Amino acid sequence: MKELIVSILRGAIERARAAGQLTAEIPSIGIEAPRDSAHGDVASNVALTIAKAERKPPRAIAEIIKSHVAMPAEVSEVSVAGPGFINFKMSSPYWHSEMRRAASDGRAFWKPRAWELHPGANERKKVQVEFLSANPTGPLTVGHGRNAVLGDTIARLYEAAGFDVTREYYFNDGGRQMKLLGESVRARYLQEHGIDAPLPEDGYQGEYIRDIARALKAERGDALVSVTDLEIFRAAAVKAIFADIKQTCTRLGIRFDVYTNELDLINAGLVEAVLKALRDCHLTFEKDGAIWLRGEPLGLPKDAVLVRSGPDRQPTYRTPDIAYHIEKLKRGFDLIVDVFGADHIAEHQEVVAAVKALGYDTTPIHAIIYQFVTLTRAGEKVKMSTRKATYVTLDELIDEVGADVVRFFFLFRKSDSQLDFDLELAKKQAPENPVFYVQYAHARLASIFREGAAKGLTLPADLSAVDLKLLGAEELDLAKRAVGLPEVMSAAAEALEPHRIPFYLLELAGEFHRYYNKPANRIIGPDRELSLARMYMAGILKDAIAGGLELLGVSAPERM
RNA sequence: GCGCCCGUAGCUCAACUGGAUAGAGCAUCAGACUUCGGAUCUGAGGGUUGGGGGUUCGAAUCCCUCCGGGCGCACCA
C-alpha cells in the first residue's frame, strides 16, 4: 500500500515538474498512517518538506501535486488537508482484495515482510541475536526474564520474516565468580557432612547451592571431603545450574542454537590476537602491571583495563568480548543484535569502539538496552539480589503467573522504560489484564465458529464465493486494522521494538470487543450471505490475533 | 563529579522516529445483559507532555540549561 502511494506521488511530482509547476528535486517521499482515520488511510507530508526549496506555501504545493495524481482503482479519494498533507483513501475493492489475500495466505500472511526490512535484498540475510548470556552462577532471575523474552522475540520476528537467524548465548564458566561458586558449593558440601566450613566472604548464599551440595553428597558420599581442588565442585555447580537455566528457558519457549564460551576464544588465541592488534594501533598502554585500553582516542569517557596485573595476567571480561564481536562480524551476519541490561551499557560502548578502531565495520551491530525490572506485590516493591537469597527467580514467577503472562508483560513496555511487573494485575483474569483481554478476544472469535458450525454455517472451501461487498463500514474498519498488523510487525522488527505488537493487538482486540457488543453486529444472523461475509472478516481477525500472539510466543486459546 | 536512560491524565503506560485535536487501560462517577462467551461494552470528568530557553511551516519527540528518579563509573561479569 505504501509503495503504491509513493509511486503515485512520485509520478504526480514528475508530471508537475514537466509542466513547470514545481522546480525542486524529488525528495524521498514520507508516508505515514494518519493517527486519525478521518484523515484517510495513508498520508504524505511531501508538500510540507519541499515547501522551503519550492518557496511556495505547502498547501499550494499539495494542490499542485494533487492535480497531477493519476488515481488507480485502489484509491478512492485524494485530498489536501491541514497544513498541507496529502491524504489518500483506499477504495473498498482494495481492502476486499487485501482481505482475500490474508485469507488465502493464511498463517503466512501474519508475518513481518522481509522486503520491507531490507528492500531489494535477494539473498537470505543472516541475523544473530545474542541474548540472555547469563553466567551460570545461579538460577535465572526476573531481570534475566526480560532479556530472554526480548531477545527471543526479536529472533522470532526475523525468523518469521524469513531471515536466517542464530540465537546465541555467550557465557563464561571460568574466572573469579566461578571460583567463588566452587568455594560456596564446597563449603555447603562439607557442612552436609557436619564439618564446620564457613561460606566464603561474598559467597553464594542461595538455597540452590545446598541442593547442589546435597546432590554431590548423594552421588559421591564423603569421597570429596578432603578434596581441596575446587574444580569438581565448580563443574558440578555449572552443570546443575546450566540445566536449570535451560529448563527455565524451555518453559518460556526459548532455545538457543549456539553457545559460545569466553574460554574457547581465549584458548583459540583470539584474545591474544586482539591485544596484539590493539597494541599495534597504539591503543593500549601499561600501568600498574596491567594492560589498559586508551579511552580518549576511542571517544570513551575513560581508560579501561584489558588485562589484569598479577601473576596469571588474566584478561578482563571486555577483552574476550571484543574478540567475540570481531568473530561475529567475521561470521558474516548482516545484523547482529545484542540484548543486555542498562548496567552493561558502558561495556558495550567500549567493545564496539575497540572493534571499530581495529578497522571493522560495526554498522551491523545493534544493541537493545533494557532498563531494570521491578516486581510489585500488593503495592510493595520486591527487592532482588542474586548473591543473597532474597531474589525471586524467573521460575517462581512463571509458577505464579504462567508463561504467557510472563512473556506478554515483558514485551508490553518499551525496552528503555523501566518495567514494573505487577503481580496482582498479572494474576487477574479480568479485562484490565492485557493478556487475558487479547486472548479472550481470540477465544470469543473461536466460539463464533463453533456456534456457526453448530448451526450449519461454515465458510465455503471456495472463499471467493463470499460477497465482501455486504460488509459495512465498521466491519471494513476492523478488517483494515487487522490487515495492518504485518506492517506493524515489520516496523517492530526494523526498529527492534517488539512492544509495538502487543500494543497493536490490544487495540485490535478492543476494537473487536466494541464491535461485538453491539446487538446489530451479530455475526451469525438470519441473512446467510451477510453472516458468511461477517464470518470471513471474523476469520481474518482471529488469524491476526493468533498470528500476533504466536510471534510473541503467547498462546491463542480456542476457549478459556 | 562524569556517562547513559527516564520524566506524558490521580496510577501504569502508548504516541508508527519531527506532523494534523497528545491517546489507551486502571481508578472515580453515571449507565447497558432475551449475549454468537458480561473475562464484554457505552458515556463523563481528568493534560502548560517536570520547568525555562532555542531550532522550523510544525516539537512529547531534536539542541542547550535547570530540577527530579534509575543505572553505571572495579585489575566482577
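Predicted model, so just to flag it, every value in this text is computed and none were measured. Numbered from 1 within each chain, the chains take letters A, B, ... in sequence-line order.
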TODO: Look at the side chain of A:Tyr440 and the base of B:rA39, then say whether one donor and one acceptor between them are separated by less than 3.5 Å.
DONE: no

Task: Expected output: side-chain A:Glu511 to main-chain A:Leu508 donor-acceptor under 3.5 Å - done: no

Open item on the list: Stacking between B:rA39 and A:Phe436, yes or no? Criterion: centroid separation under 5.5 angstrom, plane angle under 30 degrees.
Closed with: no

Open item on the list: Does a side-chain N or O of A:Arg413 approach OP1 or OP2 of B:rC13 to a distance below 4.0 Å, or not?
Closed with: yes

Open item on the list: I'd like to know if A:Arg234 and A:Glu183 make a salt bridge, using a cut-off of under 4.0 Å between side-chain N and carboxylate O.
Closed with: no

Task: Charged N-O contact under 4.0 Å between A:Lys428 and A:Glu424 - done: no

- [ ] Would you indicate, yes or no, if B:rA77 has its OP1 or OP2 atom less than 4.0 angstrom from a side-chain nitrogen or oxygen of A:His144?
- [x] no

Task: Under 3.5 Å donor-acceptor pair, A:Ser309 side-chain atoms to B:rC75 base atoms - done: yes

Task: Protein-to-nucleotide contact annotation, 5' to 3' order, nucleotides 58-63 of chain B [B base; S sugar-phosphate only; - none; under 4.0 Å, heavy atom] - done: ------

- [ ] Give a yes or no on whether a salt bridge exists between A:Lys414 and A:Glu497, defined as a side-chain N under 4.0 angstrom from a carboxylate O.
- [x] no

TODO: With heavy atoms under 4.0 Å as the rule, sort A:Pro34 into base, sugar-phosphate or nothing.
DONE: base

- [ ] Indicate whether OP1 or OP2 belonging to B:rC36 is found under 4.0 Å from a side-chain N or O atom of A:Arg522.
- [x] yes

Open item on the list: Please convert RNA chain B into dot-bracket. A pair counts if it is Watson-Crick or G-U wobble with both distances under 3.5 Å; crossing pairs go in [ ] and bases paired with another strand get |.
Closed with: (((((((..((((.....[...)))).(((((.......))))).....(((((..]....))))))))))))....

Task: Pair A:Phe242 + A:Tyr169: ring centers closer than 6.0 Å - done: yes

Any N/O pairs under 3.5 Å between the protein and nucleotides 24-27 of chain B? List them or say none.
none

Task: Lys/Arg-Asp/Glu bridge criterion (N-O < 4.0 Å) met for A:Glu474, A:Lys518 - done: yes

